[in-house]
Chemist: 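Before we start, here is the structure in question, set down as C-alpha coordinates.
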Amino acid sequence: MENKLVEHMLAFGDIVLKRRNENNEEYQITVIEEILHHFEEEQYTFLIKGNEIIINQVKEGIQKDELRSGNFFVSFMDEEITTKVVDALIPLDELENWASRNIYPPNYGDKVADQIKGDVLLHKYRYIDYLITETDKELDQYRDTDELKYYELIKKITLLKQASIRLSNIIEYSPIKGIYRDRRR
(Lines give C-alpha, C1' and ligand atoms only; values in the text may rest on other atoms or scores of the structure.)
Protein backbone atom coordinates (compact mmCIF):
# COMPACT_ATOMS: atom_id res chain seq x y z
CA MET A 1 0.00 0.00 0.00
CA GLU A 2 2.93 2.31 0.70
CA ASN A 3 4.06 1.79 -2.91
CA LYS A 4 0.56 2.54 -4.20
CA LEU A 5 0.38 5.88 -2.37
CA VAL A 6 3.81 6.93 -3.66
CA GLU A 7 2.76 5.92 -7.19
CA HIS A 8 -0.34 8.12 -6.83
CA MET A 9 1.88 11.03 -5.83
CA LEU A 10 4.09 10.47 -8.87
CA ALA A 11 1.30 9.99 -11.41
CA PHE A 12 -1.35 12.40 -10.11
CA GLY A 13 0.57 14.64 -7.68
CA ASP A 14 -0.48 17.99 -9.13
CA ILE A 15 -4.20 17.17 -9.45
CA VAL A 16 -6.30 19.33 -7.13
CA LEU A 17 -8.89 17.49 -5.05
CA LYS A 18 -11.95 19.01 -3.44
CA ARG A 19 -12.49 17.94 0.15
CA ARG A 20 -14.69 18.96 3.07
CA ASN A 21 -13.52 19.61 6.62
CA GLU A 22 -15.33 18.79 9.89
CA ASN A 23 -17.46 21.96 9.49
CA ASN A 24 -18.54 20.81 6.00
CA GLU A 25 -16.55 23.66 4.41
CA GLU A 26 -15.01 22.86 1.05
CA TYR A 27 -11.27 23.22 0.55
CA GLN A 28 -8.78 22.24 -2.13
CA ILE A 29 -5.69 20.10 -1.71
CA THR A 30 -3.31 18.46 -4.19
CA VAL A 31 -2.79 14.70 -4.24
CA ILE A 32 0.78 15.24 -3.02
CA GLU A 33 -0.36 17.36 -0.07
CA GLU A 34 -3.08 14.90 0.92
CA ILE A 35 -0.76 11.89 0.92
CA LEU A 36 2.07 13.78 2.67
CA HIS A 37 -0.42 14.92 5.30
CA HIS A 38 -1.46 11.30 5.82
CA PHE A 39 2.14 10.14 6.27
CA GLU A 40 2.92 12.99 8.69
CA GLU A 41 -0.32 12.52 10.62
CA GLU A 42 0.52 8.86 11.22
CA GLN A 43 4.22 9.65 11.92
CA TYR A 44 4.77 6.91 9.41
CA THR A 45 8.10 5.09 9.20
CA PHE A 46 8.75 4.01 5.62
CA LEU A 47 9.29 0.34 5.05
CA ILE A 48 10.81 0.84 1.58
CA LYS A 49 13.93 3.02 1.30
CA GLY A 50 13.14 4.16 -2.26
CA ASN A 51 9.78 5.54 -1.14
CA GLU A 52 11.43 7.45 1.69
CA ILE A 53 13.88 9.04 -0.78
CA ILE A 54 11.02 10.11 -3.05
CA ILE A 55 9.00 11.55 -0.15
CA ASN A 56 12.02 13.48 1.18
CA GLN A 57 12.64 14.92 -2.31
CA VAL A 58 8.98 15.95 -2.58
CA LYS A 59 9.12 17.64 0.85
CA GLU A 60 12.32 19.44 -0.15
CA GLY A 61 10.58 20.61 -3.32
CA ILE A 62 7.64 21.97 -1.33
CA GLN A 63 10.03 23.97 0.87
CA LYS A 64 11.54 25.47 -2.30
CA ASP A 65 8.10 26.10 -3.88
CA GLU A 66 8.76 23.46 -6.55
CA LEU A 67 6.24 20.84 -7.52
CA ARG A 68 8.09 17.55 -7.64
CA SER A 69 5.90 14.87 -9.13
CA GLY A 70 6.67 12.13 -11.64
CA ASN A 71 8.58 14.01 -14.35
CA PHE A 72 11.03 15.50 -11.84
CA PHE A 73 12.22 12.00 -10.90
CA VAL A 74 12.62 10.65 -14.43
CA SER A 75 16.07 12.24 -14.66
CA PHE A 76 16.97 11.28 -11.07
CA MET A 77 20.40 9.66 -10.79
CA ASP A 78 19.23 6.62 -8.78
CA GLU A 79 18.25 3.82 -11.18
CA GLU A 80 15.86 2.19 -8.70
CA ILE A 81 13.98 5.47 -8.20
CA THR A 82 13.85 6.19 -11.94
CA THR A 83 12.48 2.71 -12.66
CA LYS A 84 9.82 3.12 -9.96
CA VAL A 85 8.77 6.48 -11.41
CA VAL A 86 8.57 5.23 -14.99
CA ASP A 87 6.46 2.27 -13.83
CA ALA A 88 4.10 4.65 -12.03
CA LEU A 89 3.79 6.97 -15.02
CA ILE A 90 3.14 4.24 -17.59
CA PRO A 91 0.36 2.00 -16.29
CA LEU A 92 0.28 -1.54 -17.68
CA ASP A 93 -3.07 -1.05 -19.41
CA GLU A 94 -1.51 1.61 -21.64
CA LEU A 95 0.98 -0.90 -23.01
CA GLU A 96 -1.78 -2.78 -24.84
CA ASN A 97 -4.19 -1.52 -27.44
CA TRP A 98 -7.30 -2.67 -25.64
CA ALA A 99 -9.64 -0.62 -27.85
CA SER A 100 -8.78 -2.83 -30.82
CA ARG A 101 -10.47 -5.65 -28.89
CA ASN A 102 -13.45 -3.49 -27.88
CA ILE A 103 -12.23 -3.42 -24.29
CA TYR A 104 -12.20 -0.01 -22.67
CA PRO A 105 -10.44 0.00 -19.28
CA PRO A 106 -11.39 2.76 -16.84
CA ASN A 107 -9.42 5.97 -16.96
CA TYR A 108 -8.06 6.20 -13.43
CA GLY A 109 -7.50 9.92 -13.81
CA ASP A 110 -11.27 10.39 -13.74
CA LYS A 111 -11.56 8.81 -10.30
CA VAL A 112 -8.42 10.11 -8.62
CA ALA A 113 -10.19 11.82 -5.70
CA ASP A 114 -12.06 8.67 -4.66
CA GLN A 115 -9.05 6.45 -5.33
CA ILE A 116 -6.73 8.56 -3.16
CA LYS A 117 -9.24 8.72 -0.32
CA GLY A 118 -9.80 4.96 -0.42
CA ASP A 119 -6.11 4.11 -0.67
CA VAL A 120 -5.19 6.44 2.22
CA LEU A 121 -7.84 4.81 4.42
CA LEU A 122 -6.73 1.32 3.38
CA HIS A 123 -3.11 2.27 4.11
CA LYS A 124 -4.12 3.51 7.58
CA TYR A 125 -5.91 0.21 8.16
CA ARG A 126 -2.90 -1.87 7.15
CA TYR A 127 -0.49 0.38 9.06
CA ILE A 128 -2.56 -0.10 12.22
CA ASP A 129 -2.33 -3.87 11.69
CA TYR A 130 1.45 -3.50 11.31
CA LEU A 131 1.61 -1.51 14.58
CA ILE A 132 -0.46 -4.18 16.36
CA THR A 133 1.94 -6.88 15.16
CA GLU A 134 5.02 -4.90 16.23
CA THR A 135 3.49 -4.09 19.65
CA ASP A 136 2.55 -7.76 20.10
CA LYS A 137 6.19 -8.74 19.49
CA GLU A 138 7.26 -6.21 22.12
CA LEU A 139 4.72 -7.63 24.59
CA ASP A 140 6.68 -10.84 25.20
CA GLN A 141 9.69 -8.88 26.45
CA TYR A 142 7.75 -7.39 29.36
CA ARG A 143 5.44 -10.27 30.34
CA ASP A 144 7.52 -11.31 33.36
CA THR A 145 9.82 -8.31 33.90
CA ASP A 146 7.75 -5.10 33.86
CA GLU A 147 4.07 -5.49 34.67
CA LEU A 148 3.25 -1.80 34.15
CA LYS A 149 4.83 -1.70 30.68
CA TYR A 150 3.11 -5.01 29.85
CA TYR A 151 -0.34 -3.59 30.64
CA GLU A 152 0.44 -0.35 28.79
CA LEU A 153 1.20 -2.42 25.69
CA ILE A 154 -2.02 -4.41 26.11
CA LYS A 155 -3.94 -1.12 26.33
CA LYS A 156 -2.17 0.12 23.19
CA ILE A 157 -3.07 -3.06 21.30
CA THR A 158 -6.71 -2.75 22.45
CA LEU A 159 -6.93 0.86 21.24
CA LEU A 160 -5.28 -0.02 17.93
CA LYS A 161 -7.72 -2.91 17.42
CA GLN A 162 -10.66 -0.58 18.11
CA ALA A 163 -9.31 1.87 15.53
CA SER A 164 -8.84 -1.01 13.09
CA ILE A 165 -12.46 -2.10 13.53
CA ARG A 166 -13.72 1.47 12.97
CA LEU A 167 -11.62 1.84 9.84
CA SER A 168 -12.79 -1.52 8.47
CA ASN A 169 -16.37 -0.32 8.88
CA ILE A 170 -15.61 2.97 7.10
CA ILE A 171 -13.93 1.32 4.13
CA GLU A 172 -16.36 -1.61 4.28
CA TYR A 173 -13.54 -4.12 4.52
CA SER A 174 -13.99 -7.53 6.08
CA PRO A 175 -10.79 -8.42 7.96
CA ILE A 176 -11.96 -12.02 8.37
CA LYS A 177 -12.66 -12.61 4.67
CA GLY A 178 -10.00 -10.20 3.45
CA ILE A 179 -12.40 -8.70 0.91
CA TYR A 180 -14.55 -5.65 0.50
CA ARG A 181 -18.23 -6.08 1.19
CA ASP A 182 -20.69 -5.67 -1.65
CA ARG A 183 -21.99 -2.09 -1.43
CA ARG A 184 -24.99 -2.82 -3.64
CA ARG A 185 -26.99 -4.53 -0.87
Side-chain angles (χ1 to χ4, degrees), residues 1-52 54-56 58-59 62 69 84 88 91 106-143 146-185:
M1 213 56 231
E2 176 183 307
N3 279 332
K4 190 73 164 170
L5 291 176
V6 172
E7 287 174 11
H8 287 326
M9 288 177 66
L10 295 169
F12 308 114
D14 56 348
I15 292 178
V16 177
L17 308 173
K18 292 181 181 178
R19 298 289 192 228
R20 294 197 173 274
N21 63 16
E22 303 83 35
N23 300 327
N24 207 25
E25 300 167 340
E26 190 173 283
Y27 67 95
Q28 295 183 340
I29 188 169
T30 65
V31 170
I32 286 177
E33 292 168 330
E34 178 147 326
I35 293 173
L36 281 179
H37 175 71
H38 160 66
F39 285 142
E40 290 168 359
E41 179 181 65
E42 300 298 325
Q43 297 175 351
Y44 183 70
T45 304
F46 290 93
L47 304 175
I48 300 168
K49 185 71 174 161
N51 291 340
E52 185 176 11
I54 290 172
I55 296 298
N56 288 337
V58 169
K59 286 180 181 178
I62 288 173
S69 58
K84 181 182 200 68
N107 181 358
Y108 293 106
D110 296 341
K111 300 179 182 185
V112 169
D114 293 336
Q115 185 71 38
I116 299 298
K117 182 179 178 182
D119 284 349
V120 165
L121 289 173
L122 187 57
H123 183 264
K124 283 181 188 236
Y125 177 80
R126 290 184 177 166
Y127 187 60
I128 287 172
D129 278 354
Y130 170 77
L131 291 175
I132 290 170
T133 303
E134 292 300 307
T135 305
D136 190 42
K137 289 177 187 174
E138 195 178 340
L139 200 59
D140 290 337
Q141 296 174 358
Y142 298 103
R143 184 178 314 273
D146 189 349
E147 191 174 303
L148 182 62
K149 180 71 172 174
Y150 178 76
Y151 287 112
E152 284 178 17
L153 292 173
I154 288 178
K155 183 177 179 180
K156 181 179 178 181
I157 289 173
T158 304
L159 292 172
L160 287 169
K161 286 191 178 203
Q162 289 173 352
S164 178
I165 290 168
R166 284 190 191 141
L167 266 174
S168 70
N169 288 332
I170 291 169
I171 61 177
E172 297 182 353
Y173 181 76
S174 171
I176 294 169
K177 295 180 182 176
I179 57 171
Y180 291 95
R181 293 186 207 129
D182 188 1
R183 295 180 183 192
R184 292 176 278 180
R185 291 184 203 175

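What you see is a predicted model, and the numbers here were worked out from it, not measured in a lab. Starting from 1, each residue takes its place in the sequence as its number.
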Chemist: Would you call E34 and V31 a side-chain contact if the rule is heavy atoms closer than 4.5 Å?
Modeler: no

Chemist: Locate the shortest heavy-atom distance separating I128 from L160; write the atom from each residue and the value.
Modeler: CG2-O, 3.3 Å

Chemist: Please check if the number of heavy atoms outside Y130 that lie under 6.0 Å from its OH is greater than 12.
Modeler: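 Count not over threshold, so no.
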
Chemist: Please list, chain by chain and in numerical order, all residues satisfying ring-ring contact (aromatic ring centres under 6.0 Å, His included) with H123, sequence neighbours excluded.
Modeler: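 Partners of H123 under the ring-ring contact (aromatic ring centres under 6.0 Å, His included) test: H38, F39, Y44.
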
Chemist: Measure the spacing between CD1 of I165 and CD1 of I170 and express it to the nearest 0.5 Å.
Modeler: 12.5 Å

Chemist: Could you state the interatomic distance from CD1 (I116) to CZ (R19), rounded to the nearest 0.5 Å?
Modeler: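 Rounded to the nearest 0.5 Å, the CD1-CZ separation comes to 8.0 Å.
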
Chemist: Enter the distance from L36:CG to E41:CD here, rounded to the nearest 0.5 Å.
Modeler: 12.5 Å

Chemist: Just by distance, do the side chain of N56 and the backbone of E52 share a donor-acceptor pair under 3.5 Å?
Modeler: yes

Chemist: Run the ring-ring contact (aromatic ring centres under 6.0 Å, His included) test against Y150 and tell me which residues pass, sequence neighbours left out.
Modeler: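 Residues passing ring-ring contact (aromatic ring centres under 6.0 Å, His included) with Y150: none at all.
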
Chemist: When rounded to the nearest 0.5 angstrom, what is the spacing between CG in L153 and CD in E134?
Modeler: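 Atom-to-atom, L153:CG and E134:CD are 12.0 Å apart.
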
Chemist: Could you walk me through whether L159 and Q162 satisfy the side chain to side chain contact (heavy atoms under 4.5 Å, CB included) test, starting with their C-alpha distance in whole Å, then the side-chain angles of each, then the deciding distance to 0.1 Å, before giving a yes or no?
Modeler: CA-CA 5 Å; L159 292 172; Q162 289 173 352; 3.7 Å; yes

Chemist: Side-chain contact, heavy-atom cut-off 4.5 Å: K149 with E138?
Modeler: yes

Chemist: To the nearest 0.5 angstrom, please state how far the OG1 atom of T135 sits from the CD1 atom of I154.
Modeler: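 The OG1 atom of T135 sits 11.5 Å away from the CD1 atom of I154.
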
Chemist: Nearest 0.5 angstrom please: Y27 OH to L17 CG, how far?
Modeler: 9.0 Å

Chemist: Is the number of heavy atoms from other residues, nucleotides or ligands within 6.0 Å of CD (E26) greater than 12?
Modeler: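 Yes - once you tally the heavy atoms of other residues, nucleotides and ligands closer than 6.0 Å, there are more than 12.
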
Chemist: Looking at every non-hydrogen atom in both residues, tell me the closest pair between L5 and I35 and how far apart they are.
Modeler: O-CD1, 3.4 Å

Chemist: Is there a donor-acceptor pair under 3.5 Å between the side chain of N21 and the backbone N or O of N23?
Modeler: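 Looks like yes, one N/O pair under 3.5 Å.
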
Chemist: Can you tell whether the side chains of R126 and D129 come within less than 4.0 Å, N to carboxylate O?
Modeler: no

